[in-house]
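All remarks here apply to the structure that follows.
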Amino acid sequence: MTNATAKRKNGNKLLKPAKVAWFRSQLVAWADTHLRDFPWRRTRDPYHLFVAECLLQKTDATTVAPIYETFLTRYPTLETLAAANVEEVARLLQPLGLFFRAERLCKSARIILNSDRGTIPNSEKGLLQLPGIGKYSARAILANAFSQPAAVLDTNVARILERFFGVKGGRVKSRCPVLWEAADTVARDRDTDKWNLTLLDLGALICTARNPRCAQCPLQEQCQSADFLSFC
DNA sequence: CTCCCGTTAC
DNA sequence: GTAACGGGAG
């Protein structure tokens with residue numbers, strides 16, 4: 001049993017089980033008709049998802065979509081990326097900014113090819129060895145490419161958990177144990193990939209950082225932070 | 001805690 | 001016009 005699974009089973013003192021159950025069922029229903037469609041959501045290819053997660057870091061999904069297609073056309077395999085000219089990769093990433101990612105992508109490709117597996121690692125530990133892959137990206141790849149029950153915590157998920165459950169994370173959400181634990185607690189053991197996408201999309205479409213659309217939110221009824229003024 | 005950096009919301 | 005946005009690494 002993994003740590004995360006053990007924690008889920010024992011429950012989280014901060015989160016009431018009944019409220020967690022309601023949270024899940026509301027979101028599962030919402031996901032049926034509201035999940036967004038992106039090219040990287042139509043594949044389970046570990047390399048494709050590795051590229052996608054790198055490009056999606058601190059970058060809006062709608063901005064990434066066209067570049068992602070071009071990237072995979074130009075560098076269709078780990079081998080081609082490992083052999084790529086970093087400057088050229090950086091040029092391709094131009095509309096996204098954060099050019100240091102070009103170097104990290106190429107370097108990761110070389111590390112992966114020199115590893116025992118020779119393919120994208122299928123463990124959190126293995127993925128974390130790669131430059132540019134932190135806990136969020138590692139778990140996203142585990143869930144999406146390898147169907148593992150790996151919950152993610154990004155600023156969207158953190159915001160939803162903080163608002164709905166009233167838990168308080170620190171400044172740096174990505175390294176906040178309370179929020180990671182909450183993310184693990186609310187996650188489902190099955191279809192964790194879809195669950196992760198559900199939270200990301202609720203954060204992107206409804207529970208936005210500014211001007212959240214509380215009136216359209218499936219969680220409004222039990223949300224600690226629901227903006228009741230939005231009814232008026 | 002700071003830097004990275006283009007895009008989008010305001 | 002400016003500020004907000006968003007993961008990882010040093």
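So you know, we letter chains A, B, ... as the sequences are listed, proteins then strands, and number each from 1. Since the structure is predicted, the reported quantities are computational estimates derived from the model, not experimental observations.
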Reading nucleotides 5-10 of chain C 5' to 3', which nucleotides get B (base under 4.0 Å from a protein heavy atom), which S (sugar-phosphate only), which -? SBBSBB
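Taking a 4.5 Å side-chain heavy-atom cut-off between Ile, Leu, Val, Met, Phe, Trp and Tyr, the cluster of A/Leu98 extends to A/Phe100.
If A/Val172 and A/Gly97 are placed on DNA chain B by their nearest nucleotide, the residue sitting closer to the 5' end is A/Val172.
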Result block: side-chain N/O donor-acceptor pairs under 3.5 angstrom for residues 46-53 of chain A, not counting sequence neighbours:
unit_1: A/Tyr47; atom_1: OH; unit_2: A/Tyr75; atom_2: O; d: 2.8
unit_1: A/Tyr47; atom_1: OH; unit_2: A/Thr77; atom_2: O; d: 3.3

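Within the cation-pi definition used here (under 6.0 Å to the ring centroid, within 45° of the axis), A/Lys173 does not qualify as a partner of A/Tyr136.
Annotation: side-chain contact (heavy atoms from CB on, under 4.5 Å) contacts of A/Asp116 (sequence neighbours excluded): none. For A/Trp30, the ring-ring contact (aromatic ring centres under 6.0 Å, His included) partners two or more places apart in sequence, or in a different chain, are A/His34.
Remark: nothing in residues 39-55 of chain A comes within less than 4.0 Å of DNA chain C through any heavy atom.
Distance, A/Arg101 CZ to B/dG6 P: 11 Å, rounded to whole Å.
Note on A/Asp37 versus A/Arg42: salt bridge recorded, some NZ/NE/NH1/NH2 to OD/OE distance being below 4.0 Å.
Side-chain contact check for A/Ser147 and A/Arg44: at least one donor-acceptor pair (N or O, by modelled atom type) lies under 3.5 Å.
Aromatic rings of A/Phe38 and A/Tyr68 (six-membered ring for Trp) have centroids beyond the 6.0 Å cut-off, not under it.
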